[in-house]
Amino acid sequence: MKRSLIRYVLDRGDYGTEVRIAGWVRTRRDSKGGFSFIEVNDGSVFSGIQVIADGELPNYETEIRALSIGSAIAVDGILVESPGAGQKVEVRATAVRVYGYSDPDLYPLQKKRMSFEKLRDVAHLRPRTNTFGAVARVRNALAYATHRFYQERDFLYLNTPMITASDAEGAGEMFQVTTLDVAAPPRRDGAVDYTQDFFGKPTYLTVSGQLEAEAYASALDRVYTFGPTFRAENSNTRRHLAEFWMIEPEMAFADLADNAELAEDYVRYLFRYVLENCPDDLAFFDKWVEEGLLARLESIASSDFRRITYTEAVALLEQADVGFEFPVRWGTDLQSEHERYLTEVAFSQPLIVTDYPAEIKAFYMRRNDDGRTVAAMDVLLPGVGEIIGGSQREERLDVLLDGIRRKGLPEDAYWWYLDLRRFGSVPHAGFGLGLERVVQFTTGMQNIRDVIPFPRTPNSAEF
Ligand code: ATP
Ligand code: MN
């Protein structure tokens with residue numbers, strides 16, 4: 001017999017059919033009548049399935065009664081109507097095969113609820129819990145929806161390099177990649193001699209695939225990247241990881257308004273997709289993790305994103321009757337507390353804030369006619385703050401060169417990026433969305449460490 005995922009067995013649910021399922025035991029309860037209830041889960045669906053193992057089974061006393069939380073089994077049986085509440089079907093076992101026992105005294109997961117913090121110490125086992133199974137399924141749905149969204153709109157999926165010699169943001173915060181002996185690197189004139197390093201110069205893990213994506217958008221019109229991104233920012237917040245996954249679309253012949261429209265369509269598409277495809281998981285999060293989550297997702301999936309300029313935002317913040325930790329005035333970057341005030345208190349709807357001061361933004365953003373702002377945009381959502389950062393890119397060679405010099409960046413390193421402005425330069429725009437921030441928002445999970453399988457944060461790279 002072919003094995004079925006529990007999800008299909010539950011979906012079809014025709015009584016009387018023979019099935020084979022397999023998975024990990026959640027609970028075993030022995031009844032006085034000489035049989036046992038075993039709840040089995042294979043991660044394909046939120047709820048597992050209940051198995052009734054009769055005392056007559058040949059291995060009942062020897063094996064089945066030794067099963068405990070975490071054991072792995074396969075079950076052949078007949079699908080029958082379940083008398084219990086909350087489930088339509090259960091499996092009456094005709095054979096139970098044990099793959100692996102799990103010593104209940106040593107198994108780190110217990111039936112009672114454990115804190116998310118404790119579960120981080122057993123990140124290799126936490127996918128077996130309800131919460132982390134659900135997070136993994138929602139994350140998967142968001143990744144799939146991302147590809148669908150861009151493919152439906154003729155964006156080409158592009159793989160940009162993870163090892164880079166240029167600092168895309170010009171902001172530092174990069175992990176160095178080297179094969180030199182860090183304890184005793186070769187030196188020339190006192191400094192480390194990088195000509196002897198693997199690539200003949202210093203290299204880093206990428207903070208963004210944008211610059212390379214611009215090269216492909218300048219030939220193929222619409223592209224998107226979806227890959228791991230690394231930032232050595234030593235900020236122990238609940239929204240920052242050292243390694244995260246970013247989706248970066250880039251469009252030729254597009255301006256900031258087109259960019260904002262794409263961002264809004266994309267975010268709404270993501271929410272609609274999970275609402276349609278992960279109802280059980282979302283219902284769980286709504287009940288146990290964040291009350292009102294479903295209503296909030298539904299409202300955002302159908303609401304317009306409001307657009308305001310940075311200058312308007314600062315004016316609002318200055319008038320706000322709130323004691324912010326970081327003071328605001330025109331020219332300072334918006335902190336998380338400001339972003340959240342804007343999108344939660346001032347408007348209580350998603351916001352797209354545009355046209356930030358050039359001083360606080362990257363060199364590649366297109367300078368506005370006012371001379372002091374650039375065509376940047378951030379998308380802010382209630383609860384998480386920023387989930388998208390993007391801009392129209394500077395397509396004018398002289399203005400771009402001026403920006404590079406003003407930021408004190410090495411002009412030579414950007415020779416190929418400047419070439420894109422020398423040969424057939426066009427207005428173009430794009431943005432970066434952090435997948436984990438969206439998973440946080442759609443699940444209500446407070447800490448970003450709990451929405452990626454194996455988080456990388458300062459002082460933590462176990463597993
Ligand atoms: P923030 O202000 O939140 O640190 P940023 O301005 O550094 O973000 P961008 O450089 O615009 O972010 O990156 C684009 C998107 O990537 C962000 O909107 C966010 O969703 C995500 N992102 C950025 N840094 C991180 C990080 N350290 N961990 C997880 N996601 C991140
Ligand atoms: Mn940042």
Side-chain angles (χ1 to χ4, degrees), residues 139 142-143 146 160 164 166-175 205-211 213 224-250 256 259-260 262-264 266-267 270 305 310 313 326 328 332-340 342-343 350-354 356-357 359-365 374-393 429-442 445-458 460-461:
R139 187 181 166 108
L142 289 166
T146 290
T160 48
T164 174
S166 64
D167 174 356
E169 302 286 326
E173 300 185 331
M174 305 215 292
F175 291 100
L205 292 177
T206 188
V207 295
S208 161
Q210 177 204 319
L211 304 191
Y224 69 106
T225 72
F226 186 169
T229 309
F230 308 87
R231 296 198 184 170
E233 42 197 349
N234 204 351
S235 49
N236 255 311
T237 76
R238 56 175 197 87
R239 345 178 288 144
H240 289 92
L241 291 164
E243 178 182 294
F244 62 101
W245 287 68
M246 188 147 73
I247 294 118
E248 295 180 278
E250 191 71 33
L256 192 68
N259 209 24
L262 181 75
E264 181 174 346
Y266 172 39
V267 171
L270 289 179
F305 290 21
Y310 167 89
F326 298 92
V328 232
T332 57
D333 205 358
L334 300 183
Q335 301 293 324
S336 167
E337 55 174 345
H338 307 135
E339 296 174 345
R340 294 190 56 176
L342 290 169
T343 166
L351 285 187
I352 304 184
V353 183
T354 62
Y356 286 72
E359 292 288 311
I360 58 168
K361 288 292 182 185
F363 73 93
Y364 51 71
M365 298 189 179
V374 288
M377 64 170 206
D378 277 3
V379 179
L380 313 180
L381 293 186
V384 285
E386 177 187 335
I387 60 155
I388 283 180
S391 65
Q392 183 172 345
R393 322 304 189 187
F431 60 79
L433 169 136
L435 178 66
E436 288 74 17
R437 299 262 174 100
V438 183
V439 184
Q440 274 189 281
F441 189 81
T442 41
M445 296 295 283
Q446 284 294 305
N447 198 307
I448 199 165
R449 291 167 179 81
D450 298 329
V451 297
I452 188 166
F454 298 102
R456 300 289 179 252
T457 51
S460 164

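Below, each value reflects all heavy atoms present in this structure, side chains not excepted, and no hydrogens, waters or symmetry copies. Numbering of ligands and ligand atoms starts at 1, following listing order. We number each residue from 1, following the sequence as shown.
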Exercise for review: Starting from the C-alpha separation in whole Å, work towards a yes-or-no answer on side-chain contact (heavy atoms from CB on, under 4.5 Å) for I448 and F244.
Suggested key: CA-CA 10 Å; I448 199 165; F244 62 101; 5.8 Å; no
Quick note on ligand 1: atoms under 4.0 Å from a heavy atom of I448 include exactly 29 (C)
Please state which part of [X] comes within less than 4.0 Å of ligand 1, counting heavy atoms only: side chain, backbone, both or neither.
{"X": "R239", "result": "both"}
{"X": "R437", "result": "side chain"}
{"X": "I388", "result": "backbone"}

Exercise for review: Fit a plane to each ring of H338 and F326, take the angle between them on a 0 to 90° scale, and name the class: parallel (under 30°), tilted (30 to 60°) or perpendicular (over 60°).
Suggested key: perpendicular
Requested in this report: Check the pair K361 / S391 against side-chain contact (heavy atoms from CB on, under 4.5 Å), numbers first and verdict last.
Outcome: CA-CA 10 Å; K361 288 292 182 185; S391 65; over 6 Å; no
Can you figure out which of E248, R456, H240, R231 has its heavy atom closest to atom 7 (O) of ligand 1?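 Going through E248, R456, H240, R231 one by one, R231 has the nearest heavy atom to atom 7 (O) of ligand 1.
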Original post:
Among E386, E233, Q210, whose heavy atom sits nearest atom 2 (O) of ligand 1?
Top reply: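 The option holding the nearest heavy atom is E386.
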Item to complete: Decide yes or no on side-chain contact (heavy atoms from CB on, under 4.5 Å) for T160 and T206, but give the supporting numbers first.
Response: CA-CA 9 Å; T160 48; T206 188; over 6 Å; no
Ligand 1 N/O within reach of [X] N/O, cut-off under 3.5 Å:
{"X": "G434", "value": "yes"}
{"X": "M246", "value": "no"}
{"X": "L241", "value": "yes"}

**Study point:** Check: A213 main-chain N/O paired with E250 side-chain donor or acceptor under 3.5 Å
**Key:** no
- Message: Pair T354, L256 - check side-chain contact (heavy atoms from CB on, under 4.5 Å), show working.
- Response: CA-CA 9 Å; T354 62; L256 192 68; 4.0 Å; yes
- E436 to ligand 1, any heavy atom closer than 4.0 Å: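 Heavy atoms of E436 never come under 4.0 Å of ligand 1.
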* **L435 touching ligand 1 at heavy-atom level, < 4.0 angstrom** => no
Check your understanding: Thinking salt bridges, do E436 and R139 make one under a 4.0 Å N-O criterion?
Key ->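 Yes, this pair counts.
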On a heavy-atom basis, the closest approach of R238 and R449 is CA-NH1, 4.5 Å
